[in-house]
Amino acid sequence: GMRRAAATALRRASTATPPLTGCVALFRRPPSHEGPPPVPLPTERRRSSGLADADASHRAASAVAVSETASATKGNAFGRHRPFCSSSAPWSRSGSPLVPRGMDRAHAEAKRQPSRTAPVRNSQSDYVATRGLSREIIACITNDELLTLVVRHGPEMNPVHVATVWHRLGKLSRGIGTKEYSHGYEHSHIHSARLSSEEKKRHLREDMRMEILERLSEKFAEDFDAMNLTNVAWACAVLAYRPSGSILNRVGANMITKAQASLRSIADGDSDRASPSVQALTNSLWAFATLQHPMAPELAGVVAKATPRLMDQFDARLAGVGGAFNTQTVANQLWAYASIQHHPGNELMDAFAALVTQHVEDFNSQELSNAMWSYAALSHFPGDDFMRVVEIEMAKRVGSFTTQGATNNIVSVAHFQHSDVAARAGLHSFMSALDHESSLNQVKHYSAKGLALSIWGASVLGGFSSKFYRRLWEHCAEPSSDRSTLIPGLDRNGNFVRMLYQSHLLMKAVAPTLAESMPAPDWLHTVGKDAWHKQVSDTRPSSFQANFARHLTGMKVPHRQELVTEDRNLSLDVALDDYRIAFECDGPWHFSVNAGVGSLGSVPLSRNLVRDTLINASGWHVITVPWDDWTTHRDRGKGKEWIARSSNKYGVCDLSASDLTDAPK
């Protein structure tokens with residue numbers, strides 16, 4: 001009799017429709033609307049698929065409670081209250097209990113135990129209070145499941161729940177912990193059986209249920225702790241999602257406030273456990289840099305001040321550990337600074353360079369590539385030791401980089417000159433590794449941008465005779481790599497075409513025999529040449545050049561500014577036609593930003609070497625005018641003397657002349 005009563009109670013409960021409350025009523029589907037079957041939530045799916053063996057004892061106890069109370073109720077199978085259930089109770093989110101398995105076994109156990117009545121509790125509040133909602137969020141494997149939870153339990157969520165939803169959405173967009181489900185939300189809107197990551201992001205941005213999540217985020221913006229703030233910002237960056245309102249502004253402001261409070265506590269010698277960790281600060285900075293948010297520079301300044309004081313927490317062995325200051329933290333922070341062009345200061349950049357040099361084998365390939373690219377993007381010379389160990393390590397892993405990573409490696413290494421003997425040894429290992437079969441086979445997957453950048457980088461590094469260099473040009477000359485892929489769609493400004501043409505000019509200047517046999521696309525000598533000549537003709541003198549030229553005028557030395565050479569391939573800063581001398585005025589952007597004591601400009605970048613090589617090949621003598629050296633002599637009234645000494649071997653003027661002293665300003 002008890003078995004029949006329980007079965008009747010369960011049948012009635014399964015057909016009952018619970019009242020819609022909270023956010024659910026906003027999205028109630030009209031009865032006449034035909035659509036896909038509802039998506040089972042993780043708990044429902046887990047039990048229906050037989051994966052809930054761990055909850056067998058709880059289901060048995062629930063079945064006993066049902067059987068004892070069903071006979072005394074009418075209309076509602078559970079009277080005024082539902083039976084007690086734990087955080088992982090087998091009751092669906094719609095309010096209808098699932099049929100417990102092992103009913104006979106439960107009834108037999110009930111006979112051997114004294115009868116008890118289910119305690120009177122509110123299952124919803126008990127569920128939230130025992131962290132069941134957090135576990136349910138983490139168990140979701142589709143965006144629809146997550147947003148359904150937000151709709152159903154939005155009024156009951158706390159700041160941790162909201163931040164966890166954001167974090168889970170970001171994880172799912174990256175394919176972490178996902179699994180295709182046959183009748184999910186995505187499949188009700190897309191006919192394809194599988195969705196790409198970008199498609200999922202696009203549909204998520206168009207989902208009106210995200211407005212509820214945004215309102216909840218606005219509500220708890222002041223209550224988020226450092227990790228919650230990081231999770232929200234990180235998810236928005238991963239999803240390329242820009243929420244309406246002031247969510248990101250408030251998240252950024254609160255993170256800056258917490259970081260500044262952490263700085264004060266460190267200065268006072270206090271250890272505040274609530275202060276954001278280095279990884280939390282880095283992930284937030286990475287997110288704002290990825291979104292190119294206006295608050296990114298301000299956040300970068302605070303992070304750059306806090307990180308040097310926490311360098312002792314770095315541990316390369318903690319890869320993959322949440323909250324740890326590890327290799328990923330270093331690489332992500334460097335990438336964020338470079339992507340927004342915010343130099344954090346020599347102290348931090350040099351400290352990171354020392355960490356990479358010491359623990360280079362602990363950095364994975366992506367982290368190593370990002371670190372190298374960041375130093376090149378910020379023009380911060382990391383040191384000869386850094387260059388040597390990183391280039392040798394890249395040579396060992398030549399087949400493990402993505403096409404973008406391989407391109408970044410070549411361009412970044414080519415950004416700095418290799419004047420040290422040890423650094424040149426590392427460069428030799430790097431260039432030799434590019435001729436490995438794995439690297440050669442990867443060339444066919446390069447994009448048009450990747451081809452142009454890699455050819456330019458290999459040209460600057462002098463790899464004209466390598467198999468890799470020839471393979472790059474061969475792929476560039478294929479019909480599929482014609483102007484349709486390089487210009488005008490992708491290369492609207494002509495940057496890549498100009499890089500290819502400059503590489504061609506450099507090859508003709510250094511290795512003319514190889515240049516004749518090297519394949520090149522037909523449009524390079526037409527479209528590429530026109531783009532390069534246009535850039536040369538549009539060059540204008542700088543204030544530095546004008547100041548230098550005034551000193552030549554005072555010395556009565558004939559000269560011309562921005563003289564275009566006969567072949568129209570070069571524009572000379574200050575040219576002395578009678579002596580075939582070209583003074584090239586190199587401002588701060590021609591040098592690394594950190595070299596020298598108290599000044600910039602003692603380590604020239606590779607671009608200077610490329611320019612000087614092309615000018616010399618055109619029959620002109622190059623005299624470089626470093627801005628810091630020139631400024632020092634000019635301010636001392638010795639500008640004319642500097643010009644006379646630098647050009648003395650060409651007989652421009654007499655060093656014994658009495659009028660080499662600069663006139664008063």
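Note that these values count all heavy atoms, side chains included, but never hydrogens, waters or copies made by symmetry.
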With side chain to side chain contact (heavy atoms under 4.5 Å, CB included) as the criterion, how do V278 and V303 come out once you've worked through the C-alpha distance, each side chain's angles and the decisive distance to 0.1 Å? CA-CA 8 Å; V278 180; V303 175; over 6 Å; no
Indicate yes or no: at least one non-hydrogen side-chain atom of [X] is less than 4.5 angstrom from one of [Y].
X	Y	answer
W456	L506	no
D225	P159	no
K171	W166	no
V625	E584	no
L609	P604	no
C236	P243	yes
W286	S284	no
L500	F496	no

Would you find a donor on one side and an acceptor on the other, under 3.5 Å apart, between the side chain of [X] and the backbone of [Y]?
X	Y	answer
D435	F468	yes
S606	A414	yes
T142	E145	yes
S466	G463	yes
N254	A221	yes
R242	L291	yes
R168	C140	yes
E391	V413	no
H415	A376	yes
S339	A336	yes

What's the shortest heavy-atom distance between [X] and [Y], and which atoms?
X	Y	result
A259	L281	CB-CD2, 3.7 Å
I340	A300	CD1-CB, 3.9 Å
M387	M372	SD-CE, 3.8 Å
G170	V238	O-CG1, 3.6 Å
K258	F224	CE-O, 3.5 Å
R397	V360	NH2-O, 3.3 Å

How long is the straight-line distance from [atom2] of [Y] back to [atom1] of [X], given to the nearest 0.5 Å?
X	Y	atom1	atom2	result
S503	R498	OG	CZ	13.0 Å
Q313	Q279	CD	CD	11.5 Å
I455	S459	CD1	OG	7.0 Å
F381	N594	CZ	CG	8.0 Å
N158	T164	CG	OG1	8.0 Å
L310	S277	CG	OG	9.0 Å

Any idea how F464 and Y469 line up, ring-wise: parallel (<30°), tilted (30 to 60°), or perpendicular (>60°)? perpendicular
Which class fits the ring pair F314 and H359: parallel under 30°, tilted 30 to 60°, perpendicular over 60°? tilted
If you measure from the Lys or Arg side-chain nitrogens to the Asp or Glu carboxylate oxygens, is any gap between D586 and R611 under 4.0 Å? yes
Walk me through whether N326 and T329 qualify under side chain to side chain donor-acceptor pair (under 3.5 Å). CA-CA 5 Å; N326 51 29; T329 309; 3.1 Å; yes
Between [options], which is the residue that forms a side-chain hydrogen bond (donor to acceptor under 3.5 Å, both in side chains) with [X]?
X	options	result
S369	T402, N364, N408, N409	N409
H436	S432, S438, S439	S438
W630	T624, D635, N547	N547

Side chain to side chain contact (heavy atoms under 4.5 Å, CB included) between E393 and V390: does it pass, once the steps are laid out? CA-CA 5 Å; E393 191 65 26; V390 169; 5.7 Å; no
Ring pair (Phe, Tyr, Trp, His ring centres under 6.0 Å) contacts in which one or both residues fall within residues 384-403, not counting sequence neighbours: Y375-F386
Between H167 and N228, is the side chain to side chain donor-acceptor pair (under 3.5 Å) condition met? List the steps. CA-CA 9 Å; H167 186 262; N228 298 152; over 6 Å; no
Take a 6.0 Å sphere around [atom1] of [X] and say whether it holds more than 12 heavy atoms from other residues, nucleotides or ligands.
X	atom1	value
Q341	CD	yes
E347	CD	no
Q404	CD	no

Only counting residues at least two apart or in another chain, list the ones meeting side chain to side chain contact (heavy atoms under 4.5 Å, CB included) with Q442. T403, A406, Y446
Qualifying residues under side chain to side chain contact (heavy atoms under 4.5 Å, CB included), relative to S374, sequence neighbours excluded: L334, W335, A338
Could you please spell out the steps behind the side chain to side chain contact (heavy atoms under 4.5 Å, CB included) verdict for F363 and V330? CA-CA 10 Å; F363 284 76; V330 173; 4.2 Å; yes
S134-H161 side chain donor-acceptor pair, cut-off 3.5 Å: yes
Run the numbers on V150 and L216 for side chain to side chain contact (heavy atoms under 4.5 Å, CB included), then give the verdict. CA-CA 9 Å; V150 172; L216 291 172; 4.1 Å; yes
